[in-house]
Every structure is written in structure tokens, then in C-alpha cells.
Amino acid sequence: MDKSKMSCPFSHAREEKGFGDMNDQDDPVKILLRLKDVRKSAKNWKTFQSGGEEVGRIVVPSEVHIRDIRQIPFEVDPPEHADYRNLVEPWFKRPNEEAYQEKLREIVTVVLDDVVTKEAVEVVSEFSLVIQSRALTVLLNTPFKESKTWIDWGTHVFRSEDSDLDADKANILYDYIDKEIDRVLENPTGDLYSKLVNSEVNGKKMTKEEVKGVMILTFAGGRDTVINAITNSMAYFAEHPESLARIKEDPEMITTAIEELIRYYSPLTHMGRVVTQDTEVCEQAVAAQSRVSLCWASANRDEKTFKDPEEVVLDRKVNPHVAFGFGTHNCLGATHARALLRIIVGELVKKVKSIDILEHEENIEDLDEFKRKVGFNSLKVKFNKL
Ligand code: EMZ
């Protein structure tokens, strides 16, 4: 039962001092670990800024050296943030529609029907990445065949096997998006690019650069995170066949079960902010222009709020987790991610009796003071048909 376990590397520091320190490319980060502090700072966008001058600096590891295009609305602060957010929000709420969910269900069913016939399946590349990429065609409302290209990019658009910050790889995405924007400028369709190029913000048509900023975020933000969430959930069900049976008996449980898996696995460990004025966190002075990060993964294990935080409690009643962030910048893709996970689990319990883990290699994130397992580089399993 230990392969699906994700123990919390932050517990001790969270209790003792409330923060950790990390040196990211000589640009230190003070990592906030308590739910209360994380929430408070996420709300206080004036002091803890997302939209500073240096594009990419709020991401850890910092992306200042591999991109100069601002991701929108992620790297814009209020009041401008609301203009962009209000524009894209209805598009990103489409996953609440029945027809949208039917499309996701079809994608998931095809993949599941295929994997149950195989002796061995590498979940990251042959299951999670495939589902994530195909589901993204529904979110973007682009042709299904585009997913083939995206699958070839691998699990992260900026990270490769050799490097966490791969500029060449980033350029493949940027060139791809440039071409797509040019395409819809000539021939608009019903896709997200077309919607954006024809939109106005504050009475001004969105520029190509702004459209690109939204699209980069859409590709990058929900990629490794969704892939990790799916893969970790498969590892969990492999080691807890009784949970598969329980959800099959009581499908109503899926919503709470999904929230709990998202809390427990917290696919995005943390996100940074740039401090705009000298301030104090956890009784530590933090100087203007330095960085802090809001550690969602640690906050989601805070024993002050969560009972038995180290346990996966599928029917957890009160679950105010912050795995999708909190406040102004809460995750735009959360509706899509939730719908997708609900459908995966809903279909899984109908088709799969148990899952055997054959081989695995953990993916460990290095935050200096903390090493955190975020998922798997590889997880080979056998899905046993029901
Ligand atoms: C950024 C980030 C957004 C960043 C919600 O997170 O996701 C990361 O994976 C990307 O590298 O650029 O989009």
C-alpha cells in the first residue's frame, strides 16, 4: 500500500515555523506552509503580486529565462485581471454542460476499452497523457487530430528529460500557437483561438500577444498537473480495490471522492508571488521584490483544518482544500479537470475490477529543504477487466 502513498514532507516545518526556504536559480523563495497563511496571502494580491514586471518569475522553478510572454489571466493582477478573467470564464465553464461531458466520456471510454485488453500499460504516457491531450481538444473546441501533436510533446511543455526549463521545447509550443492564431485570423472557426482574436478587452481588440498569453497558459497550466492527478488516482485505486467497489456501489460518492484525491495528491505543489513592499510572514521579515510561494500541497495537509490529513478519506465531508489555488487566481481549468476526473473514475469503476502495479518510478520534486513526490515518471500496470 505504499506506492500510492504520498507522505507530506512539510509537516514538521509547518508545525515548527510555518515556512521553508528554497534557492531557485539564485532567486530565493520563502515557502508558506500553513493553510491560514496561504489563504491570507493569496487574497492579498496588493502585497503578494502575480503580475510583476518580470514575466515567469512567480513560477517555481522560475521561467524568466525561457519566456517573455505574460500568461493571462494568471500573471495579471486586479483590476485588469477581472477584464480578462470575465472574458474567458464562460468558456472555461463549458465543462458543466451535459454535451461537453458526453464528449469527455466518449474519449475516456475509448481509452479504457483499449487498456483493459492489454497485458501492460504505462499509465503516464499511454493513459493519462492521452486522455489529457484528447480532452484538451474539447476544452479548446479544436479537431480531435490535434491531440496527436500534443501527445508527442510529452508530459510538460517546458520540461524535458534533460532540463526543467527547456527553451527549445517551449519554442515548439510558441510556434505552434503562433500558427494557430494566424490560421484563425484568416479563417475563424468555433475554437478558443477564434473566440479570443475576436474579443475585446476594455474596448480594445485583443492583441496577438494577449491571445498567445491565454493559450500558453491553457496548454501549460493543466498539463503535468492533470496527468499527475490521473496517474496518482490510478495508483491509489490499484492499492485500494475496495474503493473501486465502494464507488461502484455508490456512484454518488464520486464528487467527494474526487475532491479528496485532489486534496491528497495536490498536483501543483506551490505557486509563487512577488512581494511588493517590505512585509512579514511567519514572524520573518520579507523584503520588497523578493519571492514567497503559497504551498497548496502543505496547506492541504494542515492538521489544524483537516482531520487525519495523511489519510485518503473518500467521503470526507468538510474539505476546504486549496489544490486549485485560492482567491483571485483560483484555477480557471478546475471545472474541466473536475469533470474529467469524475468521468474517469465513474467509467473506471464500471469497467475495471482491479489494477496491478507492475513497475513504477517516482517523480520527486526537489525544493531544497523538502523533497516531494508529485507523481510518477512511469507507472506500469495491468488493468483487470470487470
Ligand atoms: C504556468 C503554470 C500554471 C507555468 C497553474 O499553473 O503551470 C506550469 O506548469 C507552467 O510551467 O508556465 O502555466
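For ligands, and for the atoms within them, numbers begin at 1 and follow the listed sequence. Just the heavy atoms: all of them, side chains too, but no hydrogens, waters or symmetry mates, feed the values below.
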Within ligand 1, which atoms have a heavy atom of [X] less than 4.0 Å away?
X: Phe158; answer: 11 (O), 12 (O)
X: Glu63; answer: 4 (C), 10 (C), 11 (O), 12 (O)
X: Asp224; answer: 9 (O)
X: Leu217; answer: 13 (O)
X: Phe74; answer: 1 (C), 3 (C)

Open item on the list: When you measure from the side chain of Glu126 to the backbone of Val121, do you find a donor-acceptor pair of N or O atoms at a distance under 3.5 Å?
Closed with: no
Does the distance from a Lys or Arg side-chain N to an Asp or Glu carboxylate O, for [X] and [Y], drop under 4.0 Å?
X: Arg246; Y: Asp250; value: no
X: Glu102; Y: Arg105; value: yes
X: Glu75; Y: Arg67; value: yes
X: Glu122; Y: Lys380; value: no

Task: Quiz item: cation-pi between Arg94 and Tyr100, 6.0 Å / 45° - done: no
TODO: For residues Lys382 and Ile355, determine if any side-chain heavy atom of one lies less than 4.5 Å from a side-chain heavy atom of the other.
DONE: no
- [ ] Give a yes or no on whether the ring-centroid distance for Phe219 and Trp150 is below 6.0 angstrom.
- [x]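 For Phe219 and Trp150, the ring centres are under 6.0 Å apart.
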Open item on the list: If the contact criterion is a heavy-atom separation under 4.0 Å, does Arg67 count as touching ligand 1?
Closed with: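 A heavy atom of Arg67 does come that close to ligand 1.
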Open item on the list: Give me the residue, atom name and distance of the protein heavy atom closest to atom 5 (C) of ligand 1.
Closed with: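 Checked against all protein heavy atoms, atom 5 (C) of ligand 1 sits closest to Leu268 CD2, 4.0 Å.
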- [ ] Please write down residue, atom name and distance for the protein heavy atom closest to atom 6 (O) of ligand 1.
- [x]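 Sorting protein heavy atoms by distance from atom 6 (O) of ligand 1 puts Met271 CE, 3.6 Å first.
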Open item on the list: Heavy atom to atom 9 (O) of ligand 1, shortest distance: which of His156, Glu75, Gln71, Arg223 holds it?
Closed with: His156
- [ ] Only heavy atoms count here, so choose which of Ala220, Gly221, Pro61, Ala170 is nearest to atom 3 (C) of ligand 1.
- [x] Gly221
- [ ] Answer yes or no: does an N/O atom from Arg159 fall short of 3.5 Å to an N/O atom of ligand 1?
- [x] no
